Amino acid sequence: MVVEHLTEAPSWGTIESAAALTRPARAPWTWRLAALPVLLATAAAGAVGRHGGRFRRLVRLGCIGRALPLASPEQAQAAVRAVRWASRIVPARWACLEQSSAAALLLALAGVRGEWRHGIAGDPVRLHAWIVDWQGRPVEEPPDTALYAVTYTPDGPGPARRGPHRRTT
């Protein structure tokens with residue numbers, strides 16, 4: 001993927017970001033209703049156990065549906081939107097890692113797999129976690145997500161799996 005930068009000026013380690021929370025896009029009420037207990041489960045997974053193992057537990061949660069068929073773009077979008085809607089209600093930390101893990105769990109409960117990704121970007125160095133659709137496009141993410149180099153994905157190295165909505169290259 002090629003990311004075109006419109007300006008040639010140095011960034012000095014900054015990017016623009018919204019100063020106010022934006023209203024999350026609408027998701028079907030069934031997905032929003034299902035997202036509430038999923039967020040509670042995600043919060044419990046993050047809170048239980050050693051603090052040093054929190055990242056590993058949330059990554060495992062993000063990979064829970066690994067053997068399931070890939071979600072359709074509509075299912076992935078509904079899950080991400082529902083989790084973002086519900087995270088405004090549940091008083092806990094809901095950054096990208098928690099939200100993407102919860103969205104992957106929500107999709108697994110629906111019987112499909114969310115392709116979970118974790119990546120790193122520079123200038124400034126930052127981490128991000130997100131869900132991609134069956135074509136590898138970030139779901140409900142800003143365009144600058146393309147700046148992140150993927151450091152972890154549940155599929156891991158090796159040939160991709162075959163089947164409906166699965167990459168074969």
Side-chain angles (χ1 to χ4, degrees), residues 15-121 126-148 150-156 164-166:
I15 59 171
E16 290 185 23
S17 58
L21 290 176
T22 57
R23 185 172 295 280
R26 300 285 294 174
W29 70 270
T30 53
W31 285 90
R32 287 185 283 164
L33 188 61
L36 289 169
V38 166
L39 281 179
L40 295 175
T42 304
V48 174
R50 287 185 20 250
H51 181 71
R54 184 175 189 281
F55 180 77
R56 184 180 72 248
R57 289 189 304 273
L58 290 173
V59 168
R60 286 173 131 177
L61 199 60
C63 301
I64 203 162
R66 185 175 178 177
L68 297 170
L70 282 171
S72 70
E74 294 79 18
Q75 290 170 316
Q77 183 181 60
V80 170
R81 286 179 174 186
V83 164
R84 288 184 179 158
W85 172 84
S87 66
R88 295 174 69 112
I89 296 171
V90 179
R93 179 185 188 272
W94 296 112
C96 60
L97 176 61
E98 293 82 5
Q99 287 184 349
S100 62
S101 296
L105 177 59
L106 181 56
L107 287 166
L109 291 174
V112 292
R113 178 174 110 224
E115 273 299 311
W116 186 85
R117 298 282 188 269
H118 185 264
I120 186 168
R126 57 201 185 277
L127 302 172
H128 188 48
W130 66 97
I131 301 288
V132 298
D133 66 14
W134 65 276
Q135 292 181 323
R137 294 178 305 220
V139 176
E140 294 291 310
E141 292 291 328
D144 72 344
T145 304
L147 298 173
Y148 289 85
V150 175
T151 57
Y152 184 77
T153 178
D155 281 340
H165 299 296
R166 295 192 179 187

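Residue indices begin at 1 and follow the sequence shown. Computed from a prediction, not measured in an experiment: that's the story for all the values here.
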R57 meets the salt bridge (Lys or Arg N to Asp or Glu O under 4.0 Å) criterion, sequence neighbours left out, with none

Applied to residues 40-49, the salt bridge (Lys or Arg N to Asp or Glu O under 4.0 Å) test, sequence neighbours excluded, yields none

Residues T145 and P138: closest non-hydrogen pair is CG2-CG, 3.9 Å

By side chain to side chain contact (heavy atoms under 4.5 Å, CB included), A86 pairs with (sequence neighbours left out) A35, L36, L39

Taking every heavy atom of A71 against every heavy atom of V112, the minimum-distance pair comes out as CB-CG2, 3.6 Å

query = Within a strict 4.5 Å, meaning less than it, do heavy atoms of the C63 and V59 side chains meet?
reply = yes

Here the gap from L127 atom CG to T151 atom OG1, rounded to the nearest 0.5 Å, amounts to 7.0 Å

Contacts of A34 meeting side chain to side chain contact (heavy atoms under 4.5 Å, CB included) (sequence neighbours excluded), chain-then-number -> L106

For G65 and A108, the nearest pair of non-hydrogen atoms, with its separation, is CA-CB, 4.0 Å

Pairwise side-chain contact, L147 with R126, heavy-atom cut-off 4.5 Å (strictly under)
yes

Hits for salt bridge (Lys or Arg N to Asp or Glu O under 4.0 Å) against R54, two or more places apart or cross-chain, chain-then-number order -> E98

Residue pairs meeting ring-ring contact (aromatic ring centres under 6.0 Å, His included), one or both in residues 56-98, sequence neighbours left out, come to none

Worksheet item: Is any side-chain heavy atom of L97 closer than 4.5 Å to a side-chain heavy atom of W116?
Response: yes

For R84, the salt bridge (Lys or Arg N to Asp or Glu O under 4.0 Å) test, sequence neighbours excluded, returns E141

Residue pairs meeting ring-ring contact (aromatic ring centres under 6.0 Å, His included), one or both in residues 38-74, sequence neighbours left out, come to F55-H118

Hits for side chain to side chain donor-acceptor pair (under 3.5 Å) against W130, two or more places apart or cross-chain, chain-then-number order -> none

A103 and A79 have their tightest heavy-atom pair at O-CB, 4.1 Å

Quick note, salt bridge (Lys or Arg N to Asp or Glu O under 4.0 Å) partners involving residues 68-80, not counting sequence neighbours, are none

For A27 and R32, the nearest pair of non-hydrogen atoms, with its separation, is O-NE, 2.9 Å

Sorted by chain and number, sequence neighbours left out, side chain to side chain contact (heavy atoms under 4.5 Å, CB included) with P28 holds for T30, W31, A78

Review point. Do side-chain atoms of Q99 reach the backbone of C96 as a donor and acceptor pair under 3.5 angstrom?
Key: no

Next on the checklist: For the residue pair R117 and Y148, would you count it as a cation-pi contact if the rule is NZ or CZ under 6.0 angstrom from the ring centre and within 45 degrees of the ring axis?
Outcome noted: no

CG of L105 to CG of L58, rounded to nearest 0.5 Å, is 10.5 Å

Contacts of R50 meeting salt bridge (Lys or Arg N to Asp or Glu O under 4.0 Å) (sequence neighbours excluded), chain-then-number -> none

Exercise for the section: Go through E115 and T153 one step at a time and tell me if the side chain to side chain contact (heavy atoms under 4.5 Å, CB included) criterion holds. Expected result: CA-CA 7 Å; E115 273 299 311; T153 178; 3.6 Å; yes

Here the pair of heavy atoms bringing L33 nearest to P37 is O-CD, 3.3 Å

